[in-house]
Structures are given as C-alpha cells and as structure tokens.
Novice: 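Here it is: the structure, laid out below.
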Protein chains: 2
Amino acid sequence: MGVTERKERHKEELKRDILSAAKELFTTQGLEATSIRNIAEKIEYSPATIYLYYKDKNEIIHALHQEGFKMLVSHFQVLATVSDPFERLKAMGRAYTRFALENQDVYELLFVMKEPLLHVESCVEQGWNEGDRAFDILMQTVKECQAKGYFQTLDTEKVSFVIWSTMHGLCTLRTSGHLGHVTVARESGHDLDALMTSAYETFVVMLERLKS
Amino acid sequence: MGVTERKERHKEELKRDILSAAKELFTTQGLEATSIRNIAEKIEYSPATIYLYYKDKNEIIHALHQEGFKMLVSHFQVLATVSDPFERLKAMGRAYTRFALENQDVYELLFVMKEPLLHVESCVEQGWNEGDRAFDILMQTVKECQAKGYFQTLDTEKVSFVIWSTMHGLCTLRTSGHLGHVTVARESGHDLDALMTSAYETFVVMLERLKS
DNA sequence: CAGAAATATGAACACCGTTTAGTAAAATGG
DNA sequence: CCATTTTACTAAACGGTGTTCATATTTCTG
C-alpha cells in the first residue's frame with residue numbers, strides 16, 4: 001500500500017506547511033497578524049481546512065512554542081563549552097537577555113503567554129519537557145557554582161528560580177515598556193537596552209559577592 | 001446657568017458609571033469579559049455612547065490602570081512606619097507578591113500589558129506618575145539600606161531595578177503558570193504559592209548577605 | 001463504473017473595537 | 001410659543017477574530 005503512505009506523507013506535509021506559514025507570519029508580522037485566516041490565505045487553503053490538521057489555534061501556538069524553545073536551547077548549547085561554572089552562568093544570562101530582546105514575540109510566546117501552557121496540560125504524556133531541559137541546564141550550572149563556593153547553604157532549585165525570575169523580570173519589564181516609564185532614562189540618553197544591560201551587570205556583581 | 005452645570009454633572013456621572021462598570025466587569029469576570037459591548041450592556045447604553053465619553057478602549061484601560069496603581073501604592077503606604085530600611089524592604093517584597101497573587105488581573109494590567117502604557121505616552125503632560133512614585137519608594141528604601149551597609153558601591157537605581165525585576169519575575173512566572181511546569185513542585189506537594197514564597201525568602205537571604 | 005471514504009470549503013455563528021449617519025430630545029433665540 | 005440649533009444617543013454597518021457544520025469535490029476501492 002504505497003499509495004496510502006504517499007497520502008499520509010502529503011497530510012504530514014500540509015501540516016508542516018501550516019506550521020511554517022504560521023511561523024513566518026509570527027516572526028515577520030508578529031502575534032497579532034498570526035490569525036487562522038492569515039495562515040489559510042498564505043497556504044492558499046480555506047480557514048476551515050486548518051481545523052482538519054490542528055484542533056484549534058492553541059495547538060498551532062503550542063507547536064510554535066516548541067520550535068521557539070528549540071531556538072532558545074540551541075542558544076544555550078554553545079555555552080556548555082565554558083568550563084568555569086560562574087562564567088557559564090554569566091554567559092547564560094547574557095544569552096538569555098539577548099535572545100529575549102532580539103526575539104521579543106518568541107520570548108512572549110515562551111514565557112509570558114498562558115495559552116501554550118494550557119495545551120501542555122492537556123497532553124499529560126510529558127510535561128513541559130523543553131522547558132524542563134532549559135531549567136535543568138540552569139540548575140546544573142548553579143550546582144556547579146555552589147561547589148565552587150557560591151550561594152552556600154542555599155537550595156539549588158530556589159536559587160535557580162530566583163535567578164531565572166530576575167532575568168525574566170529584566171527582560172519583560174524592558175520589552176513591555178515599563179522600564180522606560182520609570183527610570184531616569186526618560187530624561188537621559190534613553191537607551192533602554194543599554195540600561196537593562198547595565199542592570200544585568202549589577203545583578204552579576206551582586207551574585208559575585210555571594211561567594212563565601 | 002444652573003442647567004448647564006447640572007448637565008455637566010450628569011456627563012461626569014455617566015463617565016464614572018462607565019468606569020465603575022468596567023472596573024466591576026474587570027475584577028469579577030476578568031480581562032476577557034471587559035469588552036466595550038459588555039460595559040455598554042451593564043450600564044444599559046449603546047456601545048457607541050461609550051465613545052462619547054472615552055476616546056477608545058485604551059483610555060478606559062488606562063483609567064483602570066490608574067485605579068489599580070492607587071491600590072498598590074496604598075498597600076505600600078502602610079509600610080512607611082517600618083523604621084529599619086531592610087525590614088521595610090522585606091515587607092515591601094511580601095506586600096508586592098501578596099498584591100500580585102491576590103489581584104492577578106490587576107497586576108497584569110499594571111505591569112504586563114502594553115496597552116495602558118501606550119496611552120500614557122500620548123499624554124505627555126506627566127509621565128507614568130503613579131508608577132514613578134512606587135518606584136521612588138523602592139529607591140528611597142534601597143538608598144537607606146545602602147546607608148546601613150547593604151549593596152555598597154552599587155548604583156541605587158540599578159539595584160532597585162534588579163530587585164523590582166526579581167519580584168516581577170517571581171510573580172509573573174507564578175501567575176502565568178510557568179513555575180508549575182518547571183519545578184519539582186509537579187511531583188511534590190504542588191503548592192505553588194508556598195514554593196514562590198520560599199523562593200522569595202531565598203532571595204531575601206541573598207540580599208541579606210550583601211551587607212558589608 | 002458505482003459507491004464509499006477522505007478531503008476541502010462556503011457560509012454561517014457569535015464575538016470583538018470602532019465609525020457613521022441619522023434620530024429624538026432639549027436648550028436657545030426671536 | 002414656535003423655529004432653529006445644539007446635545008445626547010443609537011442602529012447599523014465595517015472589517016476583523018476563532019470556530020463549526022452542512023455541503024461539495026475529489027480520490028480510492030470493490
């Protein structure tokens with residue numbers, strides 16, 4: 001039955017076409033423009049057809065979510081070569097902020113929106129595996145830092161969560177525009193990215209001082 | 001001309017009615033349910049009427065935004081009585097997380113959504129005065145902590161921003177559901193609020209160790 | 001070739017924010 | 001007191017959203 005196989009492949013192909021159309025719309029036009037109707041138009045099918053391949057929009061968003069996570073994890077993968085754990089931690093922070101600022105919509109998809117996570121809950125099979133992996137990388141690094149005298153007597157998971165929170169807060173307050181409304185940056189050079197970066201450096205110094 | 005005055009009062013009254021209808025919808029039904037049409041139905045007017053009193057939905061959202069900020073600032077006001085600056089800082093953090101968890105939609109309105117800020121930009125008159133005030137309270141406290149030996153040689157504004165970011169990150173990762181998908185909390189008691197609180201305590205310990 | 005099964009869609013439903021043209025009521029001027 | 005202007009309001013529409021369902025159209029199979 002080579003015929004059914006070919007058809008099967010065609011089906012998978014269309015499913016991927018839908019996803020890549022969604023991906024392109026999402027990355028070039030942003031979240032707003034990524035509607036079922038726009039996707040349908042791009043692949044030259046009826047909007048209703050999309051529902052034969054994806055249950056609803058959340059399923060598409062979830063698929064984009066996974067792709068976005070692969071992007072992020074790949075950004076981290078490079079840093080595994082840095083042997084000193086604290087240096088690695090610093091580099092991870094820089095990579096994280098850079099990723100968030102350069103891919104704001106993707107970042108929002110990964111860490112701000114609630115919809116993609118809701119879909120994860122329905123697939124009980126495996127939790128948020130990509131997310132877990134990224135967090136495990138962070139925890140592993142924190143653990144190694146602790147072995148070198150940093151964050152002594154503190155719980156690894158909680159320290160990791162605090163660090164993640166700080167990075168997430170820095171990034172979202174920057175991209176949401178709240179940073180620009182509160183700081184002296186308004187009257188000064190108003191280079192918000194530079195201000196956020198220097199705030200990150202301050203955070204690094206704070207962490208550095210936590211070595212016993 | 002007492003007539004025009006009375007009419008003027010009626011106009012102001014309706015404007016407030018719209019806002020309080022919006023507020024009630026927002027706090028009881030959430031963000032999604034707060035549509036122009038729902039508000040109109042609640043006050044028993046046509047949707048178009050609302051546009052005679054507010055330029056667009058963003059203006060209403062901005063008004064709710066200001067109300068939300070007054071709520072937050074009032075939560076902080078009480079803490080001014082705490083004389084020790086570091087104790088005050090700790091109490092502020094607790095008040096902040098408590099506010100965020102107990103008023104999740106309001107918090108999102110204040111610190112996550114971009115729409116209310118966009119409206120602020122159009123009113124050049126005065127920046128984000130409420131937000132500035134809250135941030136100034138934080139900065140003042142950090143400054144006093146520095147006078148007592150905390151965060152020495154670090155820039156007050158940047159330390160404040162880092163602290164704010166951490167709090168914001170903790171709160172949003174909690175309320176967006178991302179915390180629950182990444183931590184061991186899944187298999188353990190899965191009391192996420194308690195986990196977030198203990199992460200906050202870890203953060204406090206970290207700050208405490210930054211005293212020279 | 002007929003019938004069954006898979007595939008695709010047009011049209012509709014119920015929403016959304018917003019605008020416009022038009023109506024009804026009230027205030028004003030003569 | 002009537003005519004006119006101003007004010008207050010709204011019905012209906014525009015273009016958009018996600019989603020569903022009955023109806024084609026195409027493809028495979030006996």
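Here the structure is a predicted model, which is why all the values come from computation and not from measurement. Letters A, B, ... are given to chains in the order of the sequence lines, protein chains preceding strands, and every chain is numbered from 1.
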Novice: For B:V112, what residues pass the side-chain contact (heavy atoms from CB on, under 4.5 Å) criterion, not counting sequence neighbours?
Specialist: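 Testing B:V112 for side-chain contact (heavy atoms from CB on, under 4.5 Å), a comparison that skips the adjacent residues, returns A:V112, B:E108, B:H168, B:T172.
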Novice: Please say whether more than 12 non-hydrogen atoms of neighbouring residues, nucleotides or ligands are located less than 6.0 Å from NZ in B:K143.
Specialist: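 No - once you tally the heavy atoms of other residues, nucleotides and ligands closer than 6.0 Å, there are 12 at most.
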Novice: What orientation do A:H65 and A:H62 show, parallel under 30°, tilted 30 to 60°, or perpendicular over 60°?
Specialist: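 Rings of A:H65 and A:H62: parallel, under 30°.
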Novice: Taking N or O atoms only and anything under 3.5 Å, show me the protein contacts with nucleotides 17-19 of chain C, one pair per line.
Specialist:
{"residue": "C:dG17", "atom": "OP1", "partner": "B:I36", "partner atom": "N", "Å": "3.3"}
{"residue": "C:dG17", "atom": "OP1", "partner": "B:K57", "partner atom": "NZ", "Å": "2.8"}
{"residue": "C:dG17", "atom": "OP2", "partner": "B:I36", "partner atom": "N", "Å": "2.9"}
{"residue": "C:dG17", "atom": "N7", "partner": "B:R37", "partner atom": "NH1", "Å": "2.3"}
{"residue": "C:dG17", "atom": "O6", "partner": "B:R37", "partner atom": "NH2", "Å": "2.8"}
{"residue": "C:dT18", "atom": "OP2", "partner": "B:Y51", "partner atom": "OH", "Å": "2.7"}
{"residue": "C:dT18", "atom": "OP2", "partner": "B:K57", "partner atom": "N", "Å": "2.9"}
{"residue": "C:dT18", "atom": "O5'", "partner": "B:Y51", "partner atom": "OH", "Å": "3.2"}

Novice: To the nearest Å, give me how far apart CG (A:L31) and P (D:dT17) are.
Specialist: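 These atoms are roughly 13 Å apart.
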Novice: Would you say D:dC9 has OP1 or OP2 under 4.0 Å from some side-chain N or O of B:T49?
Specialist: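 Checking D:dC9 against B:T49, no side-chain N or O comes under 4.0 Å of OP1 or OP2.
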Novice: Residues two or more places apart in sequence or in another chain: which of them pass ring pair (Phe, Tyr, Trp, His ring centres under 6.0 Å) with A:F86?
Specialist: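 Ring pair (Phe, Tyr, Trp, His ring centres under 6.0 Å) check on A:F86 returns A:Y150.
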Novice: What integer distance in Å separates B:I43:CD1 from D:dC9:P?
Specialist: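 Between P of D:dC9 and CD1 of B:I43: 9 Å.
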Novice: Whole Å only: how far is the CD atom of A:E59 from the C1' atom of D:dT19?
Specialist: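 Atom CD in A:E59 sits about 14 Å away from atom C1' in D:dT19.
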Novice: Kindly list each side-chain donor-acceptor pair under 3.5 angstrom involving residues 70-81 of chain A, sequence neighbours excluded, with atom names and distances?
Specialist:
{"residue": "A:S74", "atom": "OG", "partner": "A:M71", "partner atom": "O", "Å": "2.6"}
{"residue": "A:T81", "atom": "OG1", "partner": "A:V78", "partner atom": "O", "Å": "3.0"}

Novice: Tell me, please, which residues at least two apart from A:F135 pass ring pair (Phe, Tyr, Trp, His ring centres under 6.0 Å).
Specialist: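 Partners of A:F135 by the ring pair (Phe, Tyr, Trp, His ring centres under 6.0 Å) criterion, ordered by chain and then number, come out as A:W164.
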Novice: Could you state the atom-to-atom distance from CD1 of A:I50 to P of C:dG10 in whole Å?
Specialist: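 Atom-to-atom, A:I50 to C:dG10, this comes out as 13 Å.
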Novice: I need the CD-P distance between A:E32 and D:dG18, as an integer number of Å.
Specialist: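 Atom CD in A:E32 sits about 11 Å away from atom P in D:dG18.
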Novice: Between D:dT7 atom P and B:K11 atom NZ, what is the distance in whole Å?
Specialist: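 These atoms are roughly 9 Å apart.
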Novice: Need the bend value for the helix from C:dC1-D:dG30 to C:dG30-D:dC1: angle between end axes, 5 pairs each end, nearest 10°.
Specialist: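 Roughly 30° between the end axes, to the nearest 10°.
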Novice: So, using side-chain contact (heavy atoms from CB on, under 4.5 Å) as the criterion, who are the partners of A:D136 when residues are at least two apart?
Specialist: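 Partners of A:D136 by the side-chain contact (heavy atoms from CB on, under 4.5 Å) criterion come out as none, since no residue qualifies.
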Novice: Show which side-chain atoms of residues 39-48 of chain B pair as donor or acceptor with protein atoms under 3.5 Å away, not counting sequence neighbours.
Specialist:
{"residue": "B:S46", "atom": "OG", "partner": "B:A48", "partner atom": "N", "Å": "3.1"}

Novice: Is B:Y53 near enough to D:dA8 that one of its side-chain N or O atoms lies under 4.0 angstrom from OP1 or OP2?
Specialist: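 Answer is no, no contact under 4.0 Å.
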Novice: B:L52 CG to D:dA11 P: how many Å, rounded?
Specialist: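 Taking atom P of D:dA11 as the reference, CG of B:L52 is at 13 Å.
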Novice: So, is B:Y45 near the phosphate of D:dT10, with a side-chain N or O under 4.0 Å from OP1 or OP2?
Specialist: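 No, no such contact exists.
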Novice: Would you mind listing every salt bridge (Lys or Arg N to Asp or Glu O under 4.0 Å) that reaches into residues 88-107 of chain A, with sequence neighbours excluded?
Specialist: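 Qualifying pairs: A:E87-A:K90, A:R88-A:E144, A:R98-A:E102.
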Novice: Could you state the atom-to-atom distance from CD of A:E13 to P of C:dA8 in whole Å?
Specialist: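 In whole Å, C:dA8 P lies 12 Å from A:E13 CD.
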